[in-house]
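Notes follow once the structure below has been shown.
Computed from a predicted model, the values in this text were never measured in an experiment. Ligands are counted one by one from 1 in listed order, and the atoms in each one are counted from 1 as well.
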Amino acid sequence: MNGHNRVWIFDTTLRDGEQSPGCSMTVPEKLKMAAKLVDLGVDILEAGFPIASQGDFEAVQAISAEYPWAQVAALARCTSKDVERAAEALKPARRPRIHTFLATSDIHLKYKLKKSRQQVLDDACAAVRLARTFVDDVEFSAEDGARTDPDYLEQVARAVVAEGARVVNIPDTVGYSTPAEYAAIIGRVVKALGDTAIVSVHCHDDLGLAVANSLAAIEAGARQVECTINGIGERAGNCSLEEIVMILKTRSDRFPYTTGIHAEHLYAASQMLSSIITFGPQPNKAIVGRNAFAHEAGIHQDGYLKERTTYEIIDPKSVGVPEGKLVLGKHSGRHALKNRLEDLGFSLSKDELDFVYTEITTLADNKKGLMDEEIADLARKSQQVPA
Ligand code: MN
C-alpha cells in the first residue's frame with residue numbers, strides 16, 4: 001500500500017489540536033468545525049479521546065451520527081477500558097477507526113510506564129486484538145516513535161500488523177527529529193511492513209520542523225499524515241494541514257503525491273477554527289495568515305501588478321482567500337457583506353446579518369475599511385445577541 005501516490009490526510013484538529021491551552025471545544029463547537037473538515041475533504045477525522053471526558057465521548061458520538069459516511073477516529077490508550085469506550089462512542093459511525101497508542105521509547109518505558117519492552121509489546125498487541133473485535137479499521141501509534149530504538153520499533157510495528165492493525169503511526173511526539181533522520185526511521189518501517197499496512201506520521205513543531213519532517217516521511221514512503229488546521233496542537237503544535245497540502249499541490253513537480261483535500265475550503269476552515277478557539281494564526285502564517293498574500297513593498301507591488309506570478313506562487317483564490325480582502329467599507333452592500341462573511345466561515349441569519357450590517361456602516365464612517373478580523377468579531381457578536 002505504500003507504493004501508491006495518494007496521501008491520506010488524517011485531521012486531528014479536534015483531538016490533538018484541542019489538547020492545548022485556549023483550544024478546548026464544546027460538543028456543538030466540534031460539530032461546527034467537523035462540518036468544515038468534511039467540506040475540506042479530510043480522509044480521517046479524529047474527533048476525540050472518549051475515555052478522557054464525557055464531552056469527548058459525546059463529540060465522537062455526535063460527529064459519527066452527523067457524518068455517518070465520514071471516516072471517524074477515536075483515540076484510546078492500550079487498555080481494555082479505553083478501547084471499549086472508544087468503540088462505544090463510534091457506534092453510530094459506518095467507517096469507524098479505533099486509534100490506540102502506547103509509548104515505545106526507552107525514556108517513556110523507564111520513567112512513565114515503568115514497563116519492560118516485552119510488556120509494552122504484549123499490551124499493544126492485546127489492545128489491537130481487542131479493537132479488531134469491534135472494528136475493521138485499527139491504527140496503532142508508537143508514541144515517541146522517533147526516539148524509539150529502531151529494532152524494537154520494527155518489532156512492534158510487525159507485531160501490531162500481525163494482530164490486524166491497518167495503519168502504523170510513528171509519531172515524533174516531542175518534535176525532536178530532523179528530516180533526514182526521520183525519513184530513515186520511516187523508511188525502515190515502510191520496508192518492513194511492505195504492503196501489509198499504511199505507515200503514518202504525526203509530527204510536532206517544537207523545532208519548527210513538523211511540516212518538513214512530514215514531507216521527508218512522505219518521500220520515505222509514509223502515506224498518512226496527521227495534521228491540524230492552523231497547526232494547532234500540544235505545545236508548539238502539529239504539522240499544519242494547509243501547509244503540507246499546499247506544498248504537495250504547488251510543488252507537484254518535485255512531490256508527485258495527491259490528497260483528497262478541496263483546497264478552496266482551506267481559508268474558511270482556518271477562519272472557522274479561529275472563531276471557535278481563543279486565537280488565530282499569526283499574521284505571517286503561510287497560506288492562511290492575514291499577510292500571506294499581502295504585498296507591501298513598492299517593487300513587489302509593481303511586479304505583482306504587471307504579472308501576479310512575479311511575487312505570488314499560489315493564487316489566493318485557490319485556497320479560498322477572498323479578493324480585496326481588507327477593504328469592506330460603508331459603501332459596500334449587504335450582498336458583499338454576506339459573501340465576505342461566508343468566506344470567513346460564517347452563515348448568519350437575516351437578523352444577525354442586519355446587526356453586522358448596521359454596526360459596520362456606523363463604524364465605517366470613521367474608518368477607511370474594516371479588517372477581516374473586525375468583521376469576524378462583529379459576526380461572533382451578532383450570534384450572541386438573543387434572536
Ligand atoms: Mn500529538
- Query: Are the charged groups of D343 and K317 less than 4.0 angstrom apart, N to O?
  - Reply: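 Judged by the 4.0 Å cut-off on N to carboxylate O distance, D343 and K317 do not form a salt bridge.
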Between D106 and R117, does at least one N-O distance fall below 4.0 Å, as a salt bridge requires?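 Salt bridge between D106 and R117, a charged N being under 4.0 Å from a carboxylate O: yes.
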Between the side chain of [X] and the main-chain N/O of [Y], is any donor-acceptor distance below 3.5 Å?
X	Y	value
S141	F101	no
S240	E243	yes
D172	A146	no

For the Mn ion (ligand 1), report each protein N, O or S atom nearer than 2.8 Å, sorted by chain and then by residue number.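 Near the Mn ion (ligand 1), below 2.8 Å, one finds D16 OD2, H202 NE2, H204 NE2.
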Q) Within a strict 4.5 Å, meaning less than it, do heavy atoms of the E163 and R132 side chains meet? A)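 No, every pair of side-chain atoms sits at 4.5 Å or beyond.
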